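Here is the structure we will look at, set down as C-alpha cells.
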Amino acid sequence: MILPYRYFAVCDWISEPGVAETNALLALARSDIAASDGRQIIVCPASESAVTVHFEHLGDAPVGGDDAWDGDVDLRVECPSGTIYIDQPSALAIDLEDALAAGAGTYAARVAWRGREAGDGHEEYLVQMWRTGPVSDATLAELESDED
C-alpha cells in the first residue's frame, strides 16, 4: 500500500490513543524513525512524498536481520481486539482486518526500512508482527472501565 503522509500509525480498532499520547509518541518517532507506547506504533518516514508500506503477520519472531533492509527497530504493542488498521492524518484509515491471524494479544513488531537516505522517493517500510502473549490485565481493566 502507498501512504501519502509524513507519518503513519498501526493501531487496534478498540484501543483509541489520546491526542496527547499520540503527540508525545510522534516526537519520539521523529528522532527514532519508529516508536510504540504499547497502544500504537508510529513510523515517521523521511520522504516528503508517498512511501510504500508492507505488512506481514508471522507465527514467530523473524530469524536475524534481513540484508535487504537498511535498518530496523523492534517494538511491542497490544491489540485487544485482534483487528488493526493503519492510521494517517487527513486520510481514511486502511483496515488490516484479517492481518492478525492469531487474534487478540500482545504483539512484538519489527519495523524495517530502506530508501530513507536515497531521497529518490522510493522509501519503503516493512511492519512485521507476531503474537507474544495475551493482552495485559491492565489494558483489559482499562477497556472495561471505558465501557462503564
Side-chain angles (χ1 to χ4, degrees), residues 1-117 122-143 146:
M1 68 197 80
I2 307 241
L3 302 180
Y5 206 75
R6 296 287 306 183
Y7 78 88
F8 63 91
V10 177
C11 308
D12 186 273
W13 277 109
I14 64 169
S15 183
E16 183 73 31
V19 173
E21 293 169 311
T22 299
N23 286 339
L25 190 57
L26 185 56
L28 184 59
R30 283 189 177 123
S31 66
D32 294 347
I33 301 173
S36 175
D37 59 4
R39 296 179 63 135
Q40 65 180 327
I41 296 169
I42 292 183
V43 180
C44 289
S47 177
E48 298 268 342
S49 61
V51 300
T52 301
V53 177
H54 309 277
F55 181 87
E56 295 178 351
H57 174 260
L58 307 174
D60 282 315
V63 179
D66 185 342
D67 291 339
W69 298 91
D70 299 335
D72 60 66
V73 62
D74 289 337
L75 305 166
R76 181 188 85 54
V77 66
E78 289 188 302
C79 300
S81 76
T83 55
I84 59 173
Y85 65 99
I86 293 181
D87 188 27
Q88 42 183 342
S90 68
L92 292 175
I94 298 170
D95 192 355
L96 300 175
E97 181 179 344
D98 298 323
L100 298 180
T106 298
Y107 283 79
R110 176 167 293 158
V111 178
W113 57 86
R114 63 179 163 216
R116 285 179 61 86
E117 304 302 319
H122 297 293
E123 198 169 333
E124 290 184 73
Y125 292 85
L126 171 63
V127 179
Q128 298 172 305
M129 293 177 67
W130 60 97
R131 193 174 188 276
T132 59
V135 175
S136 71
D137 290 339
T139 296
L140 292 174
E142 181 181 327
L143 290 171
D146 287 347

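Treat the numbers as computed from the prediction; the structure is a model and nothing was measured.
A heavy-atom distance below 4.5 Å is found between the side chains of L143 and I14. Using a 4.5 Å heavy-atom cutoff, the side chains of F55 and I86 are not in contact. A heavy-atom distance below 4.5 Å is not found between the side chains of E56 and P62. Residues E21 and D37 form a side-chain contact, since some pair of their non-hydrogen atoms from C-beta on lies under 4.5 Å apart. In this structure, V77 and V10 have side chains that are not in contact, with every pair of non-hydrogen atoms separated by 4.5 Å or more. The closest side-chain heavy-atom distance from Q40 to L25 is below 4.5 Å.
Remark: the backbone N or O of R39 is not paired with any side-chain donor or acceptor of D12 at under 3.5 angstrom. Looking only at distances, no side-chain donor or acceptor of T106 sits under 3.5 Å from a matching main-chain atom of T132. In this structure, E123 contributes its side chain and A46 its backbone to a donor-acceptor pair below 3.5 Å.
Atom CG of L140 sits about 7.5 Å away from atom CD of E78, to the nearest 0.5 Å. Of the inter-residue distances, the one linking Y125 atom OH with T52 atom OG1 reads 10.5 Å to the nearest 0.5 angstrom. Remark: R110 CZ to Q128 CD distance equals 6.5 Å, nearest 0.5 Å. Atom CG of residue D87 and atom CG of residue L92 lie 10.0 Å apart, to the nearest 0.5 angstrom. A distance of 14.0 Å separates OH of Y85 from CZ of F8, quoted to the nearest 0.5 Å. Note: I94 CD1 to Q88 CD = 5.0 Å, rounded to the nearest 0.5 Å.
Residue G38 comes nearest to S36 through the heavy atom pair N-OG, 3.0 Å, listed as atom of the first residue, atom of the second, then distance. Between T139 and P80 the shortest heavy-atom distance is CG2-CG, 4.3 Å. Shown here for C79 and L100, the closest heavy-atom pair between the two residues is SG-CD1, 3.8 Å. Here the closest non-hydrogen pair linking A104 and R131 is O-NE, 2.8 Å. The heavy-atom pair separating R116 from C44 by the smallest distance is NH1-O, 2.9 Å.
In the displayed structure, N23 atom CG is contacted under 6.0 Å by more than 12 heavy atoms of other residues, nucleotides or ligands.
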Using the side chain to side chain contact (heavy atoms under 4.5 Å, CB included) rule, take I41 and V111 through it: C-alpha gap first, then chi angles, then the decisive distance, then the call. CA-CA 9 Å; I41 296 169; V111 178; 4.2 Å; yes
Please step through side chain to side chain contact (heavy atoms under 4.5 Å, CB included) for the pair D60 and W130, ending with a clear verdict. CA-CA 6 Å; D60 282 315; W130 60 97; 5.6 Å; no
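Legend: residues meeting salt bridge (Lys or Arg N to Asp or Glu O under 4.0 Å) with R114, ordered by chain and number and at least two apart, are E124.
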